[in-house]
Amino acid sequence: MDFTFNEDQLVIQENVRRFAEDKLLPEYQNNDNKHTFDPEMLKEMGELGLIGCELSERYGGLELGYVTAGLITAEISRADFNVAYVPLLAGLNGGIIQQFARPHLAEKWITKIIKGESLVAVALTEPGAGSDAANLQLKAERKGDVFVLDGEKTSISAAAQADIAIVFARTGSQEEKARGVSAFLVPLDHPNITRTHFDDIGESIVGRGSIFFDGVEVPAENMLGEEGLGFIQVMQGFDYSRALIGLQCLAAAEKSVEETWEYVREREAFGQKISKFEGVSFPLAEAETFLEAAKLLCYKTLWLRDQGKPHTAEAAMCKWWAPKVSFDIIHQCLLAHGHGGYSKDFPIQQRLRDVLGLQIGDGTAQIQKIIIAREKIGRDGVPY
Ligand SMILES: Cc1cc2nc3c(=O)[nH]c(=O)nc-3n(C[C@H](O)[C@H](O)[C@H](O)COP(=O)(O)OP(=O)(O)OC[C@H]3O[C@@H](n4cnc5c(N)ncnc54)[C@H](O)[C@@H]3O)c2cc1C
């Protein structure tokens, strides 16, 4: 077994870390009250190849592979957890568009996404269908060569600032559940689309909100994959985002642990550096252990994907475990900073609020555990 990154990956890691520490880290806390990414920063990331690096060269990608994309996402997240949403959304949605969209639409949109000119969202959740996503109701009714979309998507990351979204809609009957769902590529500047922004406790600059569709005509050619198979085909992309989310969360925890080691080596109590107290250093040693194990799981999952091997169970493991490990570690780091950790002057409290969202987004722990059980014992051994 080879646990090392190759030469190219190490160079990329070093370059991205330098960029992220120079450009992203100083802005992380300033961005806590903003609701949109800086367009110039997105373009700079695009020029540096930091968005959609795993996507096809045909559309301006670099085809660097999934492990490398994970490495880049992690390096960005160490500096600014929220900016790491940009390569995450590009990788997940760009991969789906590349695989299922008509080539001219793929070309039009992926090139813009990669350059940082367009932000793409994924719109699955509805007010009445979150975990039970296949029960969604947003209607897409065929009228000639268009589909007319009516309904609400909610809890969508970057809802208010995305330029385009992959929207899951019901083209069949409600009774058909997943088999009656199709996916569409929908530009969000349509006059019959309205959007809201939620007042969340974290991830402010990404933002989450509802998207309302009121008789929105979408060309039939914008359908992704086959009619009625959108859910089944397109959802496979989530095996990818789950491993990236794992690394995104772990990177924020890793940065917090590094800062905390530094702090406890300096801070004194009872006449000693507090690092000398096992009550302080052992939780950090445990954090290092969890980080190492969880990162290996995420990179193994991406490696399996690079090899074209099945990785659905592993991806679900990444998704339920890594965000929780990350949250618990950052919580511990905050406590090790004493009263200072509770202050907004330190980034740790912001990381705690930011990473918490991804224990829910992209599917909760319970749903991931059902997926793992289903992979191990089969569909008839689980509730659905
Ligand atoms: C930060 C963030 C970002 C998000 N981004 C997006 C996005 O970009 N696009 C998008 O479409 N959605 C997004 N979501 C929505 C997210 O995917 C859903 O919130 C999530 O799938 C859970 O759905 P729900 O909120 O309706 O909870 P519910 O489905 O109502 O679940 C409530 C609780 O019940 C539990 N539960 C439900 N069913 C079961 C079961 N069978 N067994 C055991 N427990 C169960 C759940 O685990 C949860 O704890 C985001 C959410 C957050 C918080």
Side-chain angles (χ1 to χ4, degrees), residues 24-38 73-74 76-86 88-89 119 121-127 129-131 152-162 195-211 241-242 244-257 259-260 287 294 318-368:
L24 304 180
L25 185 61
E27 294 305 314
Y28 176 56
Q29 289 180 269
N30 295 336
N31 288 341
D32 199 17
N33 293 318
K34 295 183 185 157
H35 299 323
T36 48
F37 292 113
D38 172 5
T73 304
I76 292 171
S77 185
R78 274 173 58 88
D80 188 326
F81 172 84
N82 296 318
V83 173
Y85 259 90
V86 177
L88 170 73
L89 289 171
L119 198 61
V122 58
L124 176 63
T125 304
E126 297 186 1
S131 303
E152 179 186 352
K153 290 292 175 188
T154 196
S155 189
I156 309 305
S157 296
Q161 61 175 320
R195 308 188 245 174
T196 61
H197 176 89
F198 297 167
D199 189 15
D200 284 343
I201 58 168
E203 300 185 6
S204 170
I205 196 165
V206 184
R208 207 167 52 97
S210 283
I211 309 178
S241 55
R242 289 175 178 154
L244 286 185
I245 286 172
L247 289 171
Q248 180 188 6
C249 292
L250 295 169
E254 188 175 67
K255 183 77 179 158
S256 303
V257 172
E259 289 167 0
T260 308
C318 297
K319 177 60 194 53
W320 86 256
W321 194 43
K324 175 168 166 39
V325 163
S326 167
F327 183 84
D328 293 348
I329 288 174
I330 297 171
H331 177 204
Q332 192 59 49
C333 290
L334 188 150
L335 297 179
H337 279 78
H339 71 90
Y342 195 59
S343 162
K344 285 194 171 175
D345 291 345
F346 285 86
I348 292 185
Q349 49 74 33
Q350 187 186 345
R351 291 202 197 104
L352 196 68
R353 289 184 282 112
D354 286 343
V355 301
L356 179 57
L358 284 178
Q359 286 193 47
I360 306 167
D362 209 318
T364 63
Q366 287 89 341
I367 298 309
Q368 306 309 319

Problem set entry | side-chain contact (heavy atoms from CB on, under 4.5 Å) assessment of R353 paired with D32 | CA-CA 10 Å; R353 289 184 282 112; D32 199 17; 2.7 Å; yes
Exercise. Would R195 and Q161 count as a side-chain contact (heavy atoms from CB on, under 4.5 Å) if you check the C-alpha gap in whole Å, the side-chain angles of each, and the deciding distance to 0.1 Å?
Worked result: CA-CA 9 Å; R195 308 188 245 174; Q161 61 175 320; 5.9 Å; no
For this session: Just do the side-chain contact (heavy atoms from CB on, under 4.5 Å) check on I330 and L352 with the steps written out, would you?
Result: CA-CA 6 Å; I330 297 171; L352 196 68; 3.9 Å; yes
Exercise. Would C249 and F81 satisfy side-chain contact (heavy atoms from CB on, under 4.5 Å), going step by step from the backbone distance to the final call?
Worked result: CA-CA 7 Å; C249 292; F81 172 84; 4.0 Å; yes
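Residue D362 holds its CG atom at 3.5 Å from CD1 of I245, rounded to the nearest 0.5 Å. Between the CG atom in L247 and the SG atom in C318 there is a gap of 7.0 Å [rounded to 0.5 Å]. In this structure, E126 CD and S155 OG are separated by 12.0 Å, a value rounded to the nearest 0.5 Å. We find the CD1-NZ distance between I329 and K255 to be 15.5 Å, quoted to the nearest 0.5 Å. Atom CG of L25 and atom CG of D80 lie 8.5 Å apart (nearest 0.5 Å). Between atom CD of residue Q349 and atom SG of residue C333 there is a gap of 13.5 Å, rounded to the nearest 0.5 Å.
In this structure the side chain of I367 never reaches within 4.5 angstrom of the side chain of W320, judged on heavy atoms. Contact check for V122 versus I156: no side-chain heavy atoms found under the 4.5 Å cut-off. H337 is not listed as a side-chain neighbour of L334, based on a closest heavy-atom distance of 4.5 Å or more. Contact of the I205 side chain with the N82 side chain is registered, since non-hydrogen atoms from C-beta on lie closer than 4.5 Å. The side-chain heavy atoms of E259 and F346, taken from C-beta on, include no pair separated by under 4.5 Å. For the pair H35/S204, a side-chain contact is recorded, criterion being any heavy-atom separation below 4.5 Å from C-beta on.
Within 6.0 Å of atom NE2 in H331, 12 or fewer heavy atoms from other residues, nucleotides or ligands are found, so the atom counts as exposed in its surroundings. Within a 6.0 Å radius of OH in Y342, other residues, nucleotides and ligands contribute 12 heavy atoms or fewer.
At distances below 3.5 Å, not a single donor-acceptor pair connects side-chain atoms of Q359 with backbone N or O atoms of T364. With K153 contributing its side chain and I211 its backbone, the two residues share no donor-acceptor pair below 3.5 Å. With T125 contributing its side chain and G130 its backbone, the two residues share no donor-acceptor pair below 3.5 Å. Distance alone, capped at 3.5 Å, places no donor-acceptor pair between the Q29 side chain and the Q350 backbone. Judged purely by atom type and a 3.5 angstrom limit, K319 uses its side chain to pair as donor or acceptor with the backbone of L358. Looking only at distances, no side-chain donor or acceptor of Q248 sits under 3.5 Å from a matching main-chain atom of L88. The closest donor-acceptor contact from the side chain of D354 to the backbone of G202 lies at 3.5 Å or more, if one exists at all. Here the side chain of N31 pairs no donor or acceptor atom with the backbone of K34 at under 3.5 angstrom. T260 places a side-chain N or O within donor-acceptor distance of the main-chain N or O of S256, the cut-off being under 3.5 Å.
For T154, the side chain to side chain donor-acceptor pair (under 3.5 Å) partners are S210, not counting sequence neighbours. Every side chain to side chain donor-acceptor pair (under 3.5 Å) that N30 has, sequence neighbours left out, goes to E27.
Between the side chains of E203 and Y85, at least one donor N or O lies within less than 3.5 Å of an accepting N or O. A donor and an acceptor atom, one from each side chain of S157 and R208, are nowhere located under 3.5 Å apart.
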